Amino acid sequence: MRAAFKRAAFTGGFVCGAAAGAATCVAVMRVYVGERGAEEAVNPVHRDIGEYGLPLAGAETRYYANHILSYDQSRRTPRWVAEHLSQEKLHGTAQRKHCKFKPDPSIPVAFTAHNEDYLGSGWSRGHMAPAGDNKASEQSMAETFYLSNIVPQNYENNAGFWNRLEMYCRDLTKKFEDVWIVSGPLALPEVGSDGRKSMCYRLIGKDNVMVPTHLFKVVLARENPSSDTLAIGAFVVPNQPIGFDHPLTEYQVRLSELERMAGLSFFPGVRPEQSVRSLCEVDACRLMDVKEFTLYVAGRKVAGARTSARLEKVMTELRDAAVTPDDYLLKLYQEKKEQLALQERSDGKRE
DNA sequence: CGGCTCGCCACA
DNA sequence: TGTGGCGAGCCG
């Protein structure tokens with residue numbers, strides 16, 4: 001801590017060490033501001049080196065309405081994005097159709113990604129903190145569309161496996177009062193035919209945005225505030241299409257393993273004496289299967305249908321996929337059907 | 001839920 | 001006359 005303080009004094013900024021919590025950062029700031037004179041006590045050699053300041057990585061912790069992240073100015077992606085999920089935070093009326101992907105205004109222009117980097121690149125803009133976790137607030141949902149929270153992601157992976165993983169995380173709030181999640185991109189080395197390792201990842205757009213080879217997600221769950229038992233799961237998912245025949249547990253890794261891959265220490269505030277169980281031993285870690293997922297997506301489409309022709313198409317596609325609608329979907333369908341019939345009848349009169 | 005593409009229209 | 005913003009419509 002002493003060393004960190006001295007470095008902070010040199011740069012005039014303040015540093016959040018990987019092992020230091022937010023509270024500690026604030027404390028460092030206070031000490032620095034309160035003891036400006038302490039700079040005299042600094043090692044004179046270090047003072048000379050830092051006379052005109054030391055390089056800034058811009059990796060400081062950035063706070064938004066409902067997520068927190070560290071940005072990678074070199075790769076134009078986040079390093080990690082943290083959020084907290086609970087039952088209450090998940091229901092709301094904020095809609096993603098009112099949101100737009102845009103550069104994060106708090107990131108220097110030279111280091112930010114732009115929409116043009118992604119458009120036509122063959123890669124989709126994948127949220128790390130999902131929009132679906134932010135229905136409680138228009139503001140917080142809009143902020144998840146900043147490109148500081150986005151990485152180039154395979155379309156099918158984004159809409160499919162990763163989407164189901166995010167749904168699973170939201171579902172955990174039914175069983176656990178508090179769920180903490182850290183997500184981010186990875187560039188993992190490959191072993192060549194000669195046995196040598198190399199790092200190889202694609203870049204897209206004028207800004208050279210890194211296309212991660214993998215994505216990670218760490219999930220920490222607590223049943224209730226008084227329980228001292230925690231459950232934790234770490235997952236590394238290839239940035240490519242992943243079908244329904246692959247269970248989530250296939251991508252589970254030891255937390256320590258992920259920490260070495262990512263160069264990050266996760267949840268350093270968990271006390272050593274606390275008992276931490278494996279999430280997939282406490283819970284099934286089961287994602288939606290193909291029928292459940294198809295049914296869910298159909299439900300969203302039925303709810304969003306604007307014409308009865310579209311409504312019928314959704315239902316026909318469901319039947320063609322050999323998925324039997326459940327009571328919930330049938331009710332949704334009937335309500336929508338009546339609503340659209342009324343609407344289209346009045347539209348007809350107006351012509 | 002996760003995304004993209006296209007066309008309209010206000011605007012310079 | 002070209003362009004950006006935004007909503008409608010589409011797919012997995």
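Note that the coordinates shown come from a computational prediction; the quantities given were computed from them, not determined experimentally. Residue numbers begin at 1 in each chain, while the letters A, B, ... track the order of the sequences.
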- Looking for any heavy atom pair under 4.0 Å, which part of the strands does A:G132 touch: base, sugar-phosphate only, or nothing? sugar-phosphate

- Query: If only side-chain N and O atoms of A:R96 are considered, is one of them under 4.0 Å from the OP1 or OP2 phosphate oxygen of B:dG2?
  - Reply: yes

- Item | Closest-nucleotide ordering on DNA chain C, the 5'-leading residue of A:T307 and A:A159 | A:T307

- Using a cut-off of less than 4.0 Å, is there contact between a side-chain N or O of A:R125 and OP1 or OP2 of B:dC4? yes

- Note on the structure: Its 5'-most and 3'-most nucleotides having an atom under 4.0 Å from a non-hydrogen atom of chain A, DNA chain C is contacted over C:dC6 to C:dG12

- Query: A:R306 or A:N163: which one's nearest nucleotide on DNA chain C is closer to the 5' end?
  - Reply: A:R306

- Closest-nucleotide 5' rank along DNA chain B - winner of A:G120 and A:A94: A:A94

- Grab the CE-C1' distance between A:M141 and B:dC1 for me, whole Å please. 11 Å

- Do NZ/NE/NH1/NH2 and the carboxylate oxygens of A:R286 and A:E292 come within less than 4.0 Å? yes

- Item | Under-4.0 Å side-chain N/O to phosphate OP1/OP2 contact, A:H127 with B:dC1 | no

Within the sub-3.5 Å range, which N or O atoms of nucleotides 10-12 of chain B have a protein N or O partner, and how far apart are they?
none

- Query: A:Y201 and A:H214: ring-ring contact (aromatic ring centres under 6.0 Å, His included), yes or no, with the steps?
  - Reply: CA-CA 10 Å; A:Y201 53 84; A:H214 296 71; over 10 Å; no

- Between the side chains of A:D104 and A:Y64, is a donor N or O closer than 3.5 angstrom to an acceptor N or O? yes

